[in-house]
2 protein chains.
Amino acid sequence: MILEKKKAFQNFAAAKGLRSTRQRDIILDIFLSTHQHVSVEELYLKIKSSNPGIGHATVYRTLKLFAEAGLAREILLHDGQTRYEHVVAGEHHDHLVCTGCNSIVEFEDETIEKLQNEIAARHGFLIKNHKMEIYGLCAVCRN
Amino acid sequence: MILEKKKAFQNFAAAKGLRSTRQRDIILDIFLSTHQHVSVEELYLKIKSSNPGIGHATVYRTLKLFAEAGLAREILLHDGQTRYEHVVAGEHHDHLVCTGCNSIVEFEDETIEKLQNEIAARHGFLIKNHKMEIYGLCAVCRN
DNA sequence: TATGCTTTTGACATTCATTTTCATTTGACT
DNA sequence: AGTCAAATGAAAATGAATGTCAAAAGCATA
């Protein structure tokens with residue numbers, strides 16, 4: 001699965017005429033090794049610890065590429081940090097965000113997806129993507 | 001309805017021991033006269049044109065108050081600007097955002113709301129609020 | 001209406017995430 | 001190897017949002 005993603009990025013890069021660079025390889029490796037919902041800063045620090053040379057801007061730029069390539073998805077929660085989550089082909093999940101402990105639980109609901117498609121169709125919209133976040137207190141924090 | 005909102009804010013202010021000020025009245029008036037989904041900057045400019053004295057910080061502070069008072073809801077779309085939409089009691093709507101022309105269409109779907117509640121319950125979550133945005137191209141831009 | 005106390009305001013500075021700039025480096029093709 | 005455009009890193013710039021603080025304005029009371 002990690003290999004597939006690397007291939008996918010290679011294909012994307014080839015199609016776009018992008019060069020293969022050491023930095024992009026490193027960033028991709030480390031991104032693929034992270035948990036879901038890494039913030040750019042988190043990832044940057046992780047990268048820096050093994051590769052001090054890599055700059056802030058490169059991480060930002062490269063993550064945008066991953067998003068374009070369909071490997072990552074940008075998500076905005078309410079903490080002012082952009083996060084990237086791993087995209088698994090054919091799967092879309094949404095988030096339950098605990099405002100108590102900031103934990104994030106993912107869920108998937110086919111019926112909601114269907115309803116979204118219907119709504120979009122009703123308005124003549126061509127869906128590119130969507131996101132849904134439910135904010136509240138998790139089982140632990142509600143007590 | 002505008003009067004009700006003004007009353008609602010008065011009540012909130014009274015309960016919180018907040019003072020009634022000229023600025024807050026003006027900002028509320030102008031906020032209530034705007035379309036859905038005003039960004040802070042948009043609102044600030046609108047306010048400034050008739051009331052040049054009012055400062056940036058005051059607009060930010062006051063909008064946060066409106067949100068606390070339940071008159072407004074903060075929404076984050078993908079343009080890096082915080083927007084505030086009008087809250088209508090007992091109603092929740094979500095958004096279709098056109099990435100072509102940046103137009104926003106609202107919709108409401110009771111079934112989705114129900115499913116959200118079920119999902120939250122399944123995870124032991126206590127929902128505070130939620131948001132859902134569908135990104136894509138509107139009927140005009142898709143052509 | 002004047003007094004005194006406290007909140008609110010506005011200007012400005014600051015912070016923080018992200019983007020831009022630009023000189024230098026590097027990849028890839030000949 | 002040589003060429004040239006793309007990519008990088010450091011630093012500066014941007015832009016939204018927040019903090020600071022002295023001055024102004026509410027509001028209660030005399």
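Sequence lines set the chain letters: A, B, ... in the order given, protein chains first and strands last, and positions in each chain run from 1. No experiment lies behind these values; they were computed from the predicted model shown.
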Quick check on DNA chain D: between B:V40 and A:T62, whose nearest nucleotide comes earlier from the 5' end? A:T62
Of B:S20 and B:G80, whose closest DNA chain D nucleotide lies nearer the 5' terminus?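 Comparing both residues, the 5'-ward one is B:G80.
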Rounding to a whole Å, what distance do you find between [X]:[atom1] and [N]:[atom2]?
X     : N      : atom1 : atom2 : answer
A:R61 : D:dA11 : CZ    : C1'   : 12 Å
A:L18 : C:dT26 : CG    : P     : 19 Å
B:H56 : C:dT8  : NE2   : C1'   : 18 Å
A:F66 : D:dA7  : CZ    : P     : 13 Å
A:K48 : D:dT8  : NZ    : P     : 17 Å
B:R22 : C:dG10 : CZ    : P     : 7 Å
B:Y84 : D:dA16 : OH    : P     : 14 Å
B:L43 : D:dA16 : CG    : P     : 14 Å

Test log, rule side-chain hydrogen bond (donor to acceptor under 3.5 Å, both in side chains), inputs B:H95 and B:E133: CA-CA 5 Å; B:H95 304 99; B:E133 283 130 33; 4.6 Å; no
What contact category does [X] fall into here, base, sugar-phosphate, or nothing, at under 4.0 angstrom with non-hydrogen atoms?
X     : value
A:G17 : nothing
B:E41 : nothing
B:K16 : nothing

Can you figure out which of D:dA10, D:dA16, D:dT8 approaches the side chain of A:A57 most closely? D:dA10
Which one, D:dT8, D:dG19, C:dT6, comes nearest to the side chain of B:R19? C:dT6
Going by side chain to side chain contact (heavy atoms under 4.5 Å, CB included), name the residues that satisfy it together with B:Q36, two or more places apart in sequence or in a different chain.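 Only B:E85, B:H86, B:H93, B:E106 meet the side chain to side chain contact (heavy atoms under 4.5 Å, CB included) criterion with B:Q36.
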Verify the contact: side-chain N or O of [X] to OP1 or OP2 of [N], cut-off strictly under 4.0 Å; return yes or no.
X     : N      : result
A:Y60 : C:dT19 : no
A:T82 : C:dT18 : yes
A:T21 : D:dA7  : no
A:Q23 : D:dG9  : yes
B:K64 : D:dT18 : yes
B:R24 : C:dT8  : yes

Using 4.0 Å as the upper bound for N to carboxylate O, is an ion pair formed by A:K6 and A:D29?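 Looking at A:K6 together with A:D29, the answer is yes, because their closest N to O distance falls below 4.0 Å.
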Aromatic rings B:F66 and B:F9: how do their planes relate, parallel, tilted or perpendicular, breaks at 30° and 60°?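 Because their plane-to-plane angle is over 60°, the rings of B:F66 and B:F9 count as perpendicular.
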Run the side-chain hydrogen bond (donor to acceptor under 3.5 Å, both in side chains) check on A:Y44 and A:E42 step by step: do they pass? CA-CA 5 Å; A:Y44 169 66; A:E42 259 179 283; over 6 Å; no
Report yes or no: do A:E41 and A:H56 form a side-chain donor-acceptor pair below 3.5 Å? yes
